[in-house]
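The next block holds one structure in the form of structure tokens; read it before the comments.
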Amino acid sequence: MNDIPDFGLDHLSPVDDDSEEAMEALWAGDLMVLSQHHTTPNGSHSFVLAHDRSATWGIPGEPQLVAIVVARDLRQSTFTFETSHHATASFAQNWLAERGCPQTRPQRRGVQRRRSASPNSSCPKERT
């Protein structure tokens, strides 16, 4: 997985001003992809969860995770671009799910899992 997102918007135009502003508000170089999903076969929709490294320099306590949804209309050569900042990955994943992202258990990068000693205990816990 590439750390810097490529939204695949070459030769496409934003469908509205909101999409253009949302796209311009993010700089791909400031984003580190944590998880992503692209629809198949033509990739008309992309769902991305990323860490916004520029938030470090902003207001203290400002959310550093950004959820991004890109919907492409390849016939009309247009796209919509929607973003939302979140404090936790769970909130961001819920926001993405509300916009059509499949609700599978995501495998986030850099997350280590440990197994419980008991085979009858609950699922492995994520270490933060």
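Only heavy atoms go into these numbers, but all of them, side chains included; no hydrogens, no water, no symmetry mates.
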(request) List for me each residue that meets salt bridge (charged side-chain N to carboxylate O under 4.0 Å, His left out) alongside Glu98, sequence neighbours excluded, and say none if there are none. (result) none
Flag side-chain contact, heavy atom, 4.5 Å: [X] against [Y]:
| X | Y | result |
| --- | --- | --- |
| Glu62 | Gln64 | no |
| Leu9 | Arg72 | yes |
| Cys101 | His45 | no |
| His85 | Leu65 | no |
| His37 | Ser35 | no |
| His86 | Thr88 | no |
| His38 | Phe47 | no |

(request) List in chain and number order the residues that pass ring pair (Phe, Tyr, Trp, His ring centres under 6.0 Å) with Phe81, two or more places apart in sequence or in another chain; answer none if no residue qualifies. (result) Phe7
(request) Please report the C-alpha distance between Gln93 and Leu49 in whole Å, then the side-chain angles of each, then the deciding distance to 0.1 Å, and finally whether the side-chain contact (heavy atoms from CB on, under 4.5 Å) criterion is met. (result) CA-CA 8 Å; Gln93 289 165 343; Leu49 172 59; 4.1 Å; yes
(message) Can you list everything that forms a side chain to side chain contact (heavy atoms under 4.5 Å, CB included) with Ser77? Sequence neighbours excluded, please.
(response) Leu12
(request) Identify which one of Val69, Ile68, Val48 satisfies the side-chain contact (heavy atoms from CB on, under 4.5 Å) criterion when paired with Leu96. (result) Val69
(message) For Pro63 versus Ala87, what's the shortest heavy-atom pair and its separation?
(response) CB-N, 3.8 Å
(request) Hey, could you give me the CD/OG distance between Glu24 and Ser19, rounded to the nearest 0.5 Å? (result) 11.0 Å
(message) Keeping Thr78 on the side-chain end and Pro14 on the backbone end, is there a donor-acceptor pair under 3.5 Å?
(response) no
